[in-house]
Amino acid sequence: MNKVCRLFLISMAIAGTCAVNATAQTAVAVTKPSTKLTNSWYVSNKAPLTPQSFVKLPLTAIEPGGWLKKQMVLQSAGLTGHLGEISIWLTKTDNAWLTKDGKGKYGWEELPYWLKGYGDIAYMLGDKRMLADTKFWIDAVLKNQRPDGDFGPVIMKGEGKRDLWANMPMLWCLQSYYDYSKDPRVLTFMSKYFQWELTIPDDKFLEDYWEKSRGGDNMISVYWLYNRTGEKFLLDLATKLDRNTSDWRQKDNLPNWHNVNVAECFREPATYYQQSHNAKDLDATYNDFKLIRSIYGQVPGGMFGADENARKGYDDPRQAVETCGMVEQMTSDEMLLANTGDTFWAENCEDVAFNTFPAAFTSDYRALRYLTAPNMVVSDGKNHSPGISNEGPFLEMNPFSSRCCQHNHAAGWVYYAENSWMATPDNGLAAQLYTAGSVTAKVGKGTKVRLTENTHYPFSDEIGFVVNTAQRVSFPLYLRVPAWCKGASVKVNGKTIPVNAVPGGYIMLANNWKNGDNISLKLPMQLKVREWEKNKNSVSVNYGPLTFSLKIAENYVKVDSKAAVQGDSGWQASADPEKWPAYDIYPASEWNYGLVLNSNDPASSFTVERKSWPADDNPFTDTNAPIELKATGKKIPGWTIDKYGLCGILPQSPVKTDVASTPLTLVPMGGARLRISAFPVVE
């Protein structure tokens with residue numbers, strides 16, 4: 001029995017099937033790859049850590065294309081790529097990240113928050129300007145490590161209690177730099193730092209709010225280094241980190257309800273599960289995810305309404321989430337997908353990426369807002385507290401404000417690209433997050449192949465792949481089947497390959513591939529109306545992975561970027577608000593509509609209309625959307641902007657009204673900066 005056949009049988013066993021023979025161009029439905037094997041070419045978990053279902057590829061293996069590349073190109077030309085000219089926290093004068101003693105007027109989380117996205121975009125796009133700037137900061141960090149192993153800004157939180165939070169995202173920057181350069185200084189640097197961390201007494205370790213909440217991020221870096229060096233003390237440090245991190249294992253509670261902390265830190269128990277092998281740790285992460293959403297996440301878009309901190313009684317779709325929270329949720333989803341093999345995490349990642357994240361920015365990525373909500377009909381610089389839990393101008397698109405999100409937003413799309421393809425334990429490849437582009441990787445017995453992917457997904461249900469290889473090569477190819485998809489099908493070189501694809505699983509193609517082989521994947525999309533019983537019986541409308549919002553005409557009013565900013569914002573003296581303006585956005589059309597639905601078949605109430613693909617390759621605008629839905633609705637006169645200047649709280653559905661019906665247009669939620677995504681139902 002050859003190796004391909006053995007791999008095929010293992011994978012079939014996971015799916016609960018069996019077979020005697022496997023032949024070329026065979027497709028089988030599986031839940032995930034077997035972890036009985038270990039990938040020969042890419043770094044994955046070393047024992048005693050649990051085997052990973054999927055293995056992250058080097059970021060240089062991925063070449064983005066299509067709309068995803070467009071988002072990163074816009075970022076590089078926009079706020080991400082030029083934040084170093086604006087933010088006072090990125091100044092190269094009096095910056096604590098540039099000093100040996102860690103002292104300076106500026107320097108905390110902002111630099112690594114920005115650099116982890118900025119640097120990865122530079123590596124992926126090969127942007128020379130950004131590469132040089134990234135190298136400047138990385139070299140400074142490596143050069144300024146102190147003799148005891150510590151590094152970075154020295155911020156004390158009480159007697160002998162060193163704040164370690166800002167170092168955690170900087171470690172991720174170093175990991176990406178090593179991935180790109182293989183600079184051996186990184187491994188030595190991190191080992192020395194972790195040895196220093198191990199010497200800190202528990203009563204002085206992770207004592208401040210942010211670091212205590214986010215100790216799991218430090219643990220991720222510890223495991224990353226362990227998988228490369230095998231140093232045993234690192235496992236002791238991981239246990240120390242888990243012991244001193246906030247308790248994210250509570251059954252019906254969370255240690256805090258800060259939106260970014262929840263999106264970032266709920267993964268900590270599952271991270272430590274890799275070492276503990278205690279199923280309760282893994283369960284805790286799933287429970288945390290479900291808990292926050294059962295109370296505050298009965299809304300479309302993959303997130304939950306916490307504004308800054310979730311508050312009892314504030315669960316309407318007008319409650320928002322930070323742009324930071326979106327980035328951290330997507331990051332958590334990507335990591336959990338690799339470690340668990342559960343496509344549930346890919347589903348949520350797509351939900352946030354397609355329906356929530358793009359709307360946090362102006363379409364040119366030159367400004368962003370701190371908070372974005374599923375129902376949001378005003379986006380301005382006014383104080384909307386206590387309607388939202390923040391006092392200040394948190395809804396305005398402003399490149400000078402939103403201090404944390406202003407920097408942390410950079411990683412959202414590039415991390416998505418990095419995890420779009422993964423290696424598998426059986427020396428194969430898995431297409432996880434479908435997007436145009438290519439992956440170049442070693443497969444099988446070490447043959448390097450390039451798979452080119454052509455698609456407009458999620459705006460199209462067709463995905464094509466072309467195999468580029470210098471010689472025939474046998475390896476398994478896994479194609480994710482979304483949970484919403486019924487009747488997925490696959491062709492190889494025009495020939496349909498029989499497979500009973502299971503939603504929420506994978507199609508595994510076993511083949512002896514040759515240069516030029518074509519694979520065609522069809523993921524039929526269906527209309528679906530989702531009812532949110534716990535939120536006034538409101539509904540949202542999906543077509544495949546896309547959620548749709550009412551098309552609202554958006555009136556952009558240009559304002560001074562320095563006029564309405566958060567109190568802790570800061571900018572360089574040379575930052576030009578004329579070059580980087582802020583915008584208030586107001587509705588220029590009516591928005592207070594409920595939907596008229598066919599109660600027997602709600603999905604039949606909508607018609608899908610396809611439009612041409614946007615010439616600029618950016619589908620995430622309400623004017624460029626290549627798909628629209630046509631619907632029928634009625635205006636609800638009593639549903640208005642409230643005294644806090646926010647979209648009024650949803651009326652209880654069904655709403656009875658004598659107003660005449662009117663045709664409505666719905667557009668993809670991710671392209672709507674003003675949006676009604678959770679609709680009342682009218683009679």
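Model, not experiment: these values are computed from the prediction. FYI, the numbering just counts along the sequence from 1.
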For the pair [X] (side chain) and [Y] (backbone), establish whether a donor and an acceptor sit closer than 3.5 Å, ignoring hydrogens and angles.
X	Y	value
Asn398	Ser561	yes
Asp622	Gly671	no
Ser402	Gln406	no
Asn95	Gly107	no
Ser569	Gln566	yes
Glu322	Tyr370	no
Arg480	Tyr478	no
Asp617	Lys70	no
Arg369	Ala360	no
Arg129	Gly81	yes

Between [X] and [Y], a side-chain donor and acceptor under 3.5 Å:
X	Y	result
Asn256	Ser246	no
Thr80	His409	yes
Glu109	Trp165	yes
Trp613	Asn624	no
Gln175	Ser221	yes
Glu197	Tyr193	yes
Gln71	Tyr365	yes
Gln329	Asp333	yes
Lys116	Asn408	yes
Arg267	Ser332	yes
Asn45	Gln274	yes
Glu308	Asn259	no

Quick check on [X]: does its [atom1] atom have over 12 non-hydrogen neighbours (other residues, nucleotides or ligands) under 6.0 Å away?
X	atom1	result
Lys69	NZ	no
Lys100	NZ	yes
Lys182	NZ	yes

Check: Going by the angle between their ring planes, with limits at 30° and 60°, are Tyr180 and Tyr123 parallel, tilted or perpendicular?
Finding: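 The arrangement is parallel - the two ring planes meet at less than 30°.
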**Request:** On the 0 to 90° scale, with breaks at 30° and 60°, tag the Phe400-Trp571 ring pair as parallel, tilted or perpendicular.
**Result:**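 Phe400 and Trp571: tilted rings.
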Using 4.0 Å as the upper bound for N to carboxylate O, is an ion pair formed by [Y] and [X]?
X	Y	value
Lys157	Glu211	no
Lys56	Glu418	yes
Lys92	Asp133	yes
Glu85	Lys579	yes
Lys103	Asp94	no
Lys135	Asp139	yes

Rounded to the nearest 0.5 Å, how far apart are [atom1] of [X] and [atom2] of [Y]?
X	Y	atom1	atom2	result
Ile88	Thr93	CD1	OG1	8.0 Å
Asp127	Leu125	CG	CG	7.0 Å
Leu237	Asn218	CG	CG	6.5 Å
Leu164	Phe151	CG	CZ	9.0 Å
Glu110	Thr91	CD	OG1	12.5 Å
Phe361	Cys405	CZ	SG	8.5 Å

Heavy atoms only: give me the nearest [X]-[Y] pair and the separation to one decimal.
X	Y	result
Ala270	Leu336	CB-CD2, 3.6 Å
Asp217	Glu264	OD2-OE2, 2.5 Å
Glu396	Tyr583	CG-O, 3.5 Å
Thr245	Ser213	CG2-O, 3.9 Å
Ala430	Phe54	CB-CE2, 3.6 Å
Gly215	Met168	CA-CE, 4.1 Å

(Q) On the six-membered ring of Tyr296, is Arg293 placed so that its NZ or CZ lies under 6.0 angstrom from the centre and within 45° of the ring axis? (A)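 The answer is no; the distance or angle limit is not met.
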Worksheet item: Honestly, is Lys143 close enough over Phe189, meaning NZ or CZ under 6.0 Å from the six-membered ring centre and within 45° of the axis?
Response: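 That pair does not qualify as a cation-pi contact.
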What about [X] and [Y], are their ring centers closer than 6.0 Å?
X	Y	result
Trp210	His258	yes
Phe344	Phe289	yes
Phe620	Trp67	yes

*Could you go through the salt bridge (Lys or Arg N to Asp or Glu O under 4.0 Å) check for Arg185 and Asp183 one step at a time?*
CA-CA 5 Å; Arg185 294 180 297 167; Asp183 188 333; 2.8 Å; yes
Given the options Tyr178, Trp172, Phe194, Trp224 meets ring pair (Phe, Tyr, Trp, His ring centres under 6.0 Å) only with Tyr178
Practice prompt. Let me see the working for Val55 and Thr424 under side chain to side chain contact (heavy atoms under 4.5 Å, CB included), right down to the final yes or no.
Written response: CA-CA 6 Å; Val55 180; Thr424 57; over 6 Å; no
From CA spacing to verdict: side chain to side chain donor-acceptor pair (under 3.5 Å), Ser176, Asp120: CA-CA 7 Å; Ser176 289; Asp120 284 26; 3.0 Å; yes
* Step-by-step side chain to side chain donor-acceptor pair (under 3.5 Å) determination, Tyr273 to Glu268 -> CA-CA 9 Å; Tyr273 165 75; Glu268 190 275 339; over 6 Å; no
Report task. Report the C-alpha distance between Asp342 and Tyr286 in whole Å, list the side-chain angles of each, state the deciding distance to 0.1 Å, and finish with yes or no for side chain to side chain donor-acceptor pair (under 3.5 Å). Result -> CA-CA 11 Å; Asp342 188 348; Tyr286 281 87; 2.7 Å; yes
- Task: Let me see the working for Leu174 and Ile138 under side chain to side chain contact (heavy atoms under 4.5 Å, CB included), right down to the final yes or no.
- Result: CA-CA 7 Å; Leu174 294 176; Ile138 293 293; 4.0 Å; yes
